Amino acid sequence: MENKRKNIKRNEIASLFIILIIIVLVNIIGSFIYTRFDLTSEKRYTLSDTSKDILRNLDDYVYFRVYLEGEFPAGFKKLRKETKEMLDEFRAYSKFIDYEFINPSESNDQAERQETYKILWQSGLNYYTETVQTNTGIQQILIWPGIIMSYRDNEKAIDLLSGQSGQSQETVLNNSAQDLEYKLISAIKEISTTMKPTIAFVDGHGELADLEVYDIANTLSKKYIIKRATLNEQLNSLMKRDLDRDSNIIIKPAYDAIILAKPTESFSEKDKFILDQYIMYGGKVMWLLDAVNASMDSLQSAESTMGLALNLNLDDQLFKYGIKLNKNLLLAYPCAQIGLVTGQGNNLQSTLLPWYYFPLLSQASEHPIVRNLEAVKADFVSSLEPTTSAPEIQKVPLLKTSDYTKVSSAPVYISLDILNERPNASMFPQKGMTTAYLLNGKFTSLYENRMPASLTEAKEIGFKEESVPTSMIVIADGDIIRNQLAQLDYAKKNNKRIGSPLPLGYDQYTNITYGNKQFIENAVTYLLEGEGLINIRSRELKIRLLDMNKVNGNPIMWQIINVVLPSAIMIVLGIVLAILRKKKFTK
């Protein structure tokens with residue numbers, strides 16, 4: 001019996017040493033080979049391949065100063081934890097990632113704290129005021145949920161909070177945790193890229209003015225070089241022509257992408273040819289076109305107006321590329337609201353009513369450009385449909401109206417009387433109509449078999465009948481990219497200059513921000529960079545929140561289930577194992 005116990009003891013000691021040796025070996029191997037097991041269903045702790053490639057290609061240190069240190073509410077502590085875990089994940093793929101967490105309110109000297117706050121504000125970070133309970137009572141604290149990122153001689157501010165106005169703090173913080181990888185990786189790519197792609201807003205046909213596209217141009221300028229290009233029937237409007245060492249003409253696009261933002265004048269055949277050949281040589285195009293000439297300006301002095309078909313002379317060109325721009329207007333619900341002034345004399349008041357000509361557009365597919373996108377506000381939008389003239393072109397629907405839609409063919413009678421009609425099914429007999437398409441593939445030139453040999457064979461022209469693989473996006477509403485300009489009432493309330501540009505997607509009359517800006521950003525990013533970064537941004541992580549109605553309904557029961565029950569289960573298991581062990585050694 002004594003020998004048996006000694007053998008058991010010897011075996012247990014040997015097992016312990018074996019386990020310790022295995023643990024040491026695993027740690028030694030782990031110091032050379034990095035691996036991590038992500039057991040979440042949506043792989044929320046797994047970096048995308050795009051992120052890994054960007055991190056592995058870094059050639060110098062990227063330093064993150066994270067201002068999420070100190071005492072603050074639980075939601076911000078969770079964001080701090082998620083940020084640290086993400087940066088640790090980055091470090092596993094690049095030795096050039098380093099960081100520190102800083103408490104901007106650490107100093108007891110008020111003047112020093114204010115100077116720190118001033119530096120952070122001037123760097124581009126935003127602060128948030130929170131009320132917290134401390135040992136001395138209730139007090140307000142400033143939280144700076146942001147990062148100052150440094151790379152060589154460059155710095156960039158990153159605001160970690162993501163969310164729309166009116167959302168709860170819990171939702172905003174959860175959205176922020178979900179967007180961490182995209183925000184940090186896109187910032188790294190932006191600050192470490194030396195050769196930025198070039199985007200040109202095309203002029204020459206009554207396109208939107210600088211102020212009307214100011215916000216999106218300013219946003220895109222952080223990642224790309226933004227220019228203006230005038231189509232003036234000159235071959236080099238959009239193209240570069242150089243000579244190589246053998247005096248051969250080298251032709252290539254002058255811009256990586258161009259944007260046609262709501263042209264209102266007809267295109268000549270020469271300008272169409274220039275656009276066509278730009279596409280044939282691989283240029284990317286975003287078409288934002290109105291099919292019907294209609295605007296709210298006509299309703300400022302009258303209760304009705306007519307929407308007339310707009311002749312841009314682009315129908316045959318778009319048709320050849322695989323899309324048809326229909327001459328109609330779409331009325332749909334839900335939609336944006338406009339203010340209607342009622343009453344007389346001193347009793348005037350403005351009432352917000354649904355304006356069915358401003359439908360809210362939703363995603364028409366699961367493409368990364370529109371996945372998880374907020375509603376996009378349209379302004380006198382038309383429908384698009386694919387054609388059979390380009391069967392080899394991939395046509396991906398991006399945006400559509402709701403299933404409560406009405407199609408009105410031009411000419412369209414537009415009257416304010418419709419504001420008095422309550423929405424009902426009979427008003428909207430059609431289902432959702434597509435208003436934006438992504439086209440991918442090799443496009444055939446509009447001028448195929450239409451050009452004389454003297455031109456097609458001219459080396460200085462370099463005519464191409466088929467494009468290299470490229471992409472374009474067609475949107476049947478030019479106003480989707482147009483930001484509002486501050487009007488008198490808004491300017492007075494918000495201390496803004498009258499006529500100053502507002503953020504794209506923000507409606508000053510209803511104080512609602514729509515998804516227009518994110519849609520345009522996603523679309524441009526896709527055209528210039530492919531799906532990589534867009535896939536990160538559109539990835540949906542499930543946030544498993546508590547049902548506060550159930551928690552508040554019976555808090556004691558849920559406290560017992562979450563605190564007492566697990567401990568009780570462990571105690572019972574311990575007692576059972578002790579009894580089984582005693583019986584085993586007694587035998």
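Numbering of residues begins at 1 and proceeds along the displayed sequence. Since the model is a prediction, treat every value here as computed from it, not as a measurement.
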Determine yes or no for a side-chain-to-main-chain donor-acceptor pair under 3.5 angstrom, with Glu212 supplying the side chain and Ala209 the backbone.
yes
Using only atom types and a distance under 3.5 Å, with no angle test, would you say the side chain of Asn424 pairs donor to acceptor with the backbone of Met427?
yes
Non-hydrogen atoms of Ala294 and Ile414 that approach each other most closely:
CB-CD1, 3.8 Å
Could you tell me whether Asp159 and Lys183 make a salt bridge, using a distance below 4.0 angstrom between a side-chain N and a carboxylate O?
no
What distance separates Lys496 NZ from Gln508 CD, expressed to the nearest 0.5 Å?
11.0 Å
Looking at Asn483 and Tyr214, would you say the former's side chain and the latter's main chain have a donor-acceptor pair under 3.5 Å?
yes
Quick one: sort the Trp287 and Tyr321 rings into parallel, tilted or perpendicular, breaks at 30° and 60°.
tilted
Are Glu181 and Ser48 side-chain neighbours, meaning at least one heavy-atom pair lies under 4.5 Å?
yes
Backbone of Gly505 reached by a side-chain donor or acceptor of Thr513 within 3.5 Å:
no
With a cut-off of 6.0 Å (strictly less than), are more than 12 heavy atoms of other residues, nucleotides or ligands near CZ of Arg422?
no
Value for CE (Met472) from CG (Leu438), rounded to nearest 0.5 Å, stands at 10.0 Å
With a 4.5 Å limit on heavy-atom distance, are the side chains of Lys284 and Ile199 in contact?
no
Which one of Leu184, Ile185, Ile188 satisfies the side-chain contact (heavy atoms from CB on, under 4.5 Å) criterion with Ser51?
Ile185
Heavy-atom closest pair, residues Ala309 and Ala410
N-CB, 3.9 Å
If you measure from CD on Glu521 to NZ on Lys223, what distance do you get to the nearest 0.5 Å?
7.0 Å
Closest non-hydrogen atom pair between Val407 and Gln430, with its separation:
N-OE1, 3.3 Å
Taking the six-membered ring for Trp and the full ring for Phe, Tyr or His, determine whether the centres of Phe358 and Phe380 are under 6.0 Å apart.
yes
Taking atom types as modelled, find out whether Thr510 and Asp507 have a side-chain donor-acceptor pair closer than 3.5 angstrom.
yes
Any heavy-atom pair between the side chains of Tyr356 and Ile418 that's under 4.5 Å?
yes
Surrounding OH of Tyr182 (heavy atoms of other residues, nucleotides or ligands, distance under 6.0 Å), is the total greater than 12?
yes
side-chain contact (heavy atoms from CB on, under 4.5 Å) between Asp489 and Gln487, intermediate numbers included
CA-CA 6 Å; Asp489 290 344; Gln487 300 299 309; 6.0 Å; no
Check: Phe443 main-chain N/O paired with Ser467 side-chain donor or acceptor under 3.5 Å
yes
Provide the closest heavy-atom pair for Glu392 versus Thr444 in the form atom of the first, atom of the second, distance.
OE2-OG1, 4.0 Å
So Lys327 and Ser409, do their side chains get closer than 4.5 Å, heavy atoms only?
no
Quick check for you: to the nearest 0.5 Å, what is the distance between Tyr333 atom OH and Tyr404 atom OH?
10.5 Å
Distance-only donor-acceptor check, side chains Asp276 and Ser445, under 3.5 Å
yes
Would Thr434 and Glu385 satisfy side chain to side chain donor-acceptor pair (under 3.5 Å), going step by step from the backbone distance to the final call?
CA-CA 7 Å; Thr434 305; Glu385 60 181 277; over 6 Å; no
Atom of Asp290, atom of Leu310 and distance for their closest heavy-atom approach
O-CD2, 3.5 Å
After noting the C-alpha distance and the side-chain angles of Tyr447 and Glu269, does the key distance pass the side chain to side chain donor-acceptor pair (under 3.5 Å) rule?
CA-CA 10 Å; Tyr447 298 93; Glu269 288 299 322; 2.9 Å; yes
Is it the case that atom NZ in Lys196 sees more than 12 heavy atoms from other parts of the structure closer than 6.0 Å?
yes
Is Gln363 reaching over with its side chain to a backbone N or O of Asn372, donor-acceptor style, under 3.5 angstrom?
yes
Does a sphere of radius 6.0 Å around CD in Glu303 hold more than 12 heavy atoms from other residues, nucleotides or ligands, not counting ones at 6.0 Å or beyond?
no
Show your reasoning for whether side-chain contact (heavy atoms from CB on, under 4.5 Å) applies to Leu180 and Leu160.
CA-CA 7 Å; Leu180 264 178; Leu160 294 178; 3.8 Å; yes
Derivation of the side chain to side chain donor-acceptor pair (under 3.5 Å) call for Asn328 and Ser383
CA-CA 7 Å; Asn328 58 31; Ser383 65; 3.0 Å; yes
Looking at Lys517 and Tyr506, would you say the former's side chain and the latter's main chain have a donor-acceptor pair under 3.5 Å?
no
Any chance you could lay out the side-chain contact (heavy atoms from CB on, under 4.5 Å) test for Glu190 and Lys222, step after step, and finish with the verdict?
CA-CA 8 Å; Glu190 177 184 331; Lys222 298 173 183 177; 3.5 Å; yes
Would you check, one step at a time, whether the test side-chain contact (heavy atoms from CB on, under 4.5 Å) holds for Asn313 with Lys272?
CA-CA 9 Å; Asn313 194 29; Lys272 288 169 62 177; 3.6 Å; yes
Test log, rule side chain to side chain donor-acceptor pair (under 3.5 Å), inputs Tyr224 and Glu529
CA-CA 11 Å; Tyr224 312 111; Glu529 303 177 32; 2.7 Å; yes
Is a donor from one side chain sitting under 3.5 angstrom from an acceptor on the other, for Ser389 and Thr387?
yes
Would you call Lys324-Asp315 a salt bridge at under 4.0 Å N-O?
no
Quick test of your reading of the model: are Lys78 and Glu82 salt-bridged, counting only N-O distances below 4.0 Å?
no
Under a 3.5 Å threshold, yes or no: a donor from one side chain and an acceptor from the other, between Asn440 and Ser471?
yes
So how far is it from Asn511 CG to Asn494 CG, rounded to the nearest 0.5 Å?
8.0 Å
A side-chain contact here means heavy atoms from C-beta on lying under 4.5 Å apart; do Leu288 and Met286 qualify?
yes
Say whether, by atom type as modelled, one donor and one acceptor occur between the side chain of Thr219 and the main chain of Asp215 under 3.5 angstrom.
yes
Hey, is the main chain of Asp379 close enough, under 3.5 Å, to the side chain of Asp477 for a donor-acceptor pair?
yes
Quick one: pull up CG in Leu231 and CD in Glu207 and give me the separation to the nearest 0.5 Å.
7.5 Å
Quick one: does Leu289's side chain get under 4.5 Å of Leu325's, heavy atoms only?
yes
May I ask you to test the Gln337-Tyr509 pair for a side-chain heavy-atom distance under 4.5 Å?
no
For the residue pair Leu208 and Gly478, what are the closest heavy atoms and their distance?
CD1-O, 3.8 Å
Taking the side chain from Ser304 and the backbone from Ser415, do they hold a donor-acceptor pair closer than 3.5 Å?
no
Would you call Pro368 and Tyr526 a side-chain contact if the rule is heavy atoms closer than 4.5 Å?
no
